[in-house]
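Comments concern the structure below.
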Amino acid sequence: MAGKWLDEAVFYEIYPQSFKDSNADGIGDINGIIEKLDYIRELGCDAVWMNPCFDSPFVDAGYDVRDFYKVAERYRTNEDLKRLCTAMHEKGMHLILDLVAGHTSVECEWFRQSCLPEKNKYTDRYVWTDTVWNAPNNVGNIMGWLRGGYDRDGSAAVNFFTAQPALNYGFAVKDEGCDWEQSVDDEGPMSTRAELKNIMKFWLDMGVDGFRVDMAGSLVKNDPGSQGTISLWQDIRKWLDREYPDAVIVSEWGEADKALKAGFDMDFVLHFGPSHYPDLFRTEHPYFAGHGSAEAFFDVYLNNLAKTKDGNGLICIPSGNHDMYRLARTLTPDEIRIAFAFLLTMPGIPFIYYGDELGMNYVEGLHSKEGGYYRTGSRSPMQWDRSVNAGFSNAPASMLYVPQDTAHMDQINAETEMNDPDSIWNEVRRLIALRQQHPSLSGRSDFRMINYHGYPLVYERSSGTERILVILNPSENDIRMDTGTAGTVLYSFAQKEIRDHVIPAKSAFIILQ
Ligand code: NOJ
């Protein structure tokens, strides 16, 4: 079990390409992040998840790692990363890096060596069949195969895009008579696992506080029920507990019961798979736009919550991330505020995707950049102020990593919003402060659902003798409901009031009972 710091944290996700460019090359960098730490702190966030920053050809925005031990030149140097850790710790903040555990880039030296016909140290680092003519369909946790283009006679399993060959952690269930599928405890898979620990050790020794693990459930192949992958992570957790007891690992798994059993401190609900998370914010009729249903989401969520660590394991409902459409694509600014009242009062640790605190837009119609495809519109440069390129970079606009939301950045930017008490930014800041003042609102405090059928959404958080009621009505209708609302209103969106048990349309209340 990792450091206590996680339970009280509020995370900010930084997509480093697009956050702050300090050397006018049009791409964000680590020095830029260091410059902006006070901004993140002022919002109230005290932890950061930074998307991949290691050396990479950037076919998938850095999720295709070439060298796990080296910061990508575009972000500068390992020394800069070390300075970032130190600067964050001095401000009482924590940093987790993105750990791409399941695959590398095809340009990774391990893969190049593994493509050679002669046996060498890396021959079994990846999942290979025994001949290039063998590339079987429907193998669990394998997305496809690389075939040809190298001298080794075999097909290499792919974990995501074809430029991302799968590392070999072995097969949980092997086909009878199949020689190329290795067991999880064979030499090749065990050496891959040892290397993964080395990578973690290297960065933890440099001062990082943990990792968000990419595709955490994908490691062991043909793994029904994920038992092989769970055991693998349990081994890593044991090692972490021994060597780095404060380190935090958060999984991109989307199945909290498995992920927490595997030893992760927290799992994300994801925008794909069985979660129904898009129903909240991102379908054609999202619940928080006032004309949708959250029932399927909560059926899954409550079930998962009950299965995790006696009902108080950490499950994160993020505001968004670099893989999803931004909130502002489907919600109005007021609806975003109500969504934040939800995100910042739910159990689990909040993760705010950079720019969501401003209501930054999804930029429509962009060409794909570095494997972004539809995701590119959610990866546009941060809007800081009204200066050139919204303060993101001094490079010419044509050189920016991704084009900006030029039509709106005069209104939607950090400087303007910080000066406007009614901005989304200030709303988010107030909500974070409230969360941090009240133990009932922290990650593991108790949660009791009162109503999620239609509107309003009503739930209770509690800790010790403190009880807080949250009532959210994103719908367009005033609704009469006796929610037992007596108490001190800690927060009311747009100063609305509950009178005669009528919950006004488009309202949010946080009430201390
Ligand atoms: C999930 C990451 O969030 C996404 O951006 C990436 O493309 C895939 N994993 C592959 O690593």
Side-chain angles (χ1 to χ4, degrees), residues 1-14 36-49 87-96 209-210 212 246 248 250 265-266 268 305 312-320 327 336-359 414 417-418 421-448 459-472 487-493 508-513:
M1 178 55 55
K4 190 80 182 94
W5 67 266
L6 178 68
D7 290 3
E8 313 299 330
V10 178
F11 271 83
Y12 191 82
E13 178 190 343
I14 293 181
K36 293 296 184 182
L37 288 178
D38 286 340
Y39 166 82
I40 297 170
R41 204 70 187 96
E42 211 172 325
L43 181 64
C45 295
D46 51 11
V48 165
W49 157 27
M88 288 186 70
H89 293 157
E90 279 169 9
K91 293 175 193 297
M93 302 173 81
H94 293 94
L95 174 68
I96 66 172
D209 301 291
R212 171 268 189 187
D246 284 338
V248 156
V250 181
D265 297 290
M266 179 161 73
F268 285 106
L305 201 61
N312 70 353
L314 298 177
I315 301 177
C316 173
I317 310 173
S319 76
L327 287 178
I336 291 177
R337 290 170 165 94
I338 299 172
F340 270 113
F342 166 71
L343 293 166
L344 291 165
T345 53
M346 283 295 284
I349 306 307
F351 271 61
I352 299 174
Y353 183 50
Y354 83 96
D356 279 354
E357 77 280 16
L358 305 173
E417 294 201 29
M418 287 167 85
D422 295 327
S423 65
I424 298 181
W425 190 89
N426 269 303
E427 202 80 33
V428 172
R429 190 180 58 86
R430 282 192 284 273
L431 285 161
I432 294 177
L434 201 64
R435 181 181 177 94
Q436 289 167 339
Q437 281 153 21
H438 291 277
S440 318
L441 296 178
S442 88
R444 285 185 209 276
S445 296
D446 290 341
F447 174 75
R448 187 167 69 88
Y459 50 89
E460 184 189 79
R461 302 293 316 279
S462 58
S463 166
T465 54
E466 188 188 69
R467 287 197 318 146
I468 287 183
L469 187 69
V470 181
I471 306 172
L472 307 169
T488 312
V489 177
L490 300 173
Y491 169 90
S492 153
F493 167 56
F509 298 90
I510 303 176
I511 301 169
L512 181 66
Q513 301 214 288

Worksheet entry | Asp46 vs Gln436, side-chain contact (heavy atoms from CB on, under 4.5 Å): CA-CA, chis, key distance, verdict | CA-CA 11 Å; Asp46 51 11; Gln436 289 167 339; 4.1 Å; yes

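- For the pair Arg430 and Asn426, the minimum side-chain heavy-atom distance is below 4.5 Å.
- Atom-to-atom distance recorded for His94:NE2 and Leu6:CG is 9.5 Å, nearest 0.5 angstrom.
- With Arg435 contributing its side chain and Leu441 its backbone, the two residues share a donor-acceptor pair below 3.5 Å.
- Remark: the backbone N or O of Asp246 is paired with a side-chain donor or acceptor of Trp5 at under 3.5 angstrom.
- Taking 4.5 Å as the limit, every side-chain heavy atom of Tyr353 sits out of range of all side-chain heavy atoms of Pro318.
- Applying the side chain to side chain donor-acceptor pair (under 3.5 Å) criterion to Asp38, with sequence neighbours excluded, gives Lys91.
- Taking 4.5 Å as the limit, some side-chain heavy atom of Met266 sits within range of a side-chain heavy atom of Phe351.
- In this structure, the separation between CD1 on Ile352 and CG on Leu43 is 5.5 Å, given to the nearest 0.5 Å.
- A donor-acceptor pair under 3.5 Å is formed between the side chain of Arg461 and the backbone N or O of Asp446.
- Of all heavy-atom pairs spanning Met93 and Asp209, the tightest one is O-OD2, 4.4 Å.
- Closest heavy-atom contact between Leu490 and His438: CD1-NE2, 3.7 Å.
- Annotation: side chain of Val250 is not in contact with side chain of Trp49 (no heavy-atom distance under 4.5 Å).
- The shortest distance between side-chain heavy atoms of Tyr459 and Thr345 falls below 4.5 Å.
- Tyr12 has its side chain out of reach of Arg41: every pair of non-hydrogen atoms, C-beta onward, lies at least 4.5 Å apart.
- In this structure a side-chain-to-backbone donor-acceptor pair under 3.5 Å is missing from Ser442 to Glu8.
- When side chains are defined from C-beta on, Ile349 does not count as touching Cys316, because their heavy atoms never get closer than 4.5 Å.
- Nearest heavy-atom pair across Leu358 and Glu417 is O-OE2, 2.7 Å.
- Annotation: the span from Ile315 atom CD1 to Phe447 atom CZ amounts to 10.0 Å, rounded to 0.5 Å.
- Here the straight-line distance linking atom CD of Glu90 with atom CG of Leu37 works out to 10.0 Å at 0.5 Å rounding.
- The line from CG of Leu469 to CZ of Arg467 is 8.0 Å long, rounded to the nearest 0.5 Å.
- Smallest separation of non-hydrogen atoms from Cys45 and Ile432: SG-CD1, 4.1 Å.
- Applying the side chain to side chain donor-acceptor pair (under 3.5 Å) criterion to Ser440, with sequence neighbours excluded, gives Glu466.
- Among all heavy-atom pairs drawn from Phe340 and Leu431, the shortest one is C-CD1, 3.8 Å.
- Ile317 places a side-chain heavy atom less than 4.5 Å from the side chain of Phe342.
- Going from atom CZ of Phe268 over to atom CZ of Arg212 covers 6.5 Å, rounded to the nearest 0.5 Å.
- The minimum heavy-atom distance linking Pro350 with Ala9 is given by the pair CD-O, 3.7 Å.
- Residue pairs meeting the salt bridge (Lys or Arg N to Asp or Glu O under 4.0 Å) criterion with at least one partner in residues 342-357, sequence neighbours excluded, are Arg326-Asp356.
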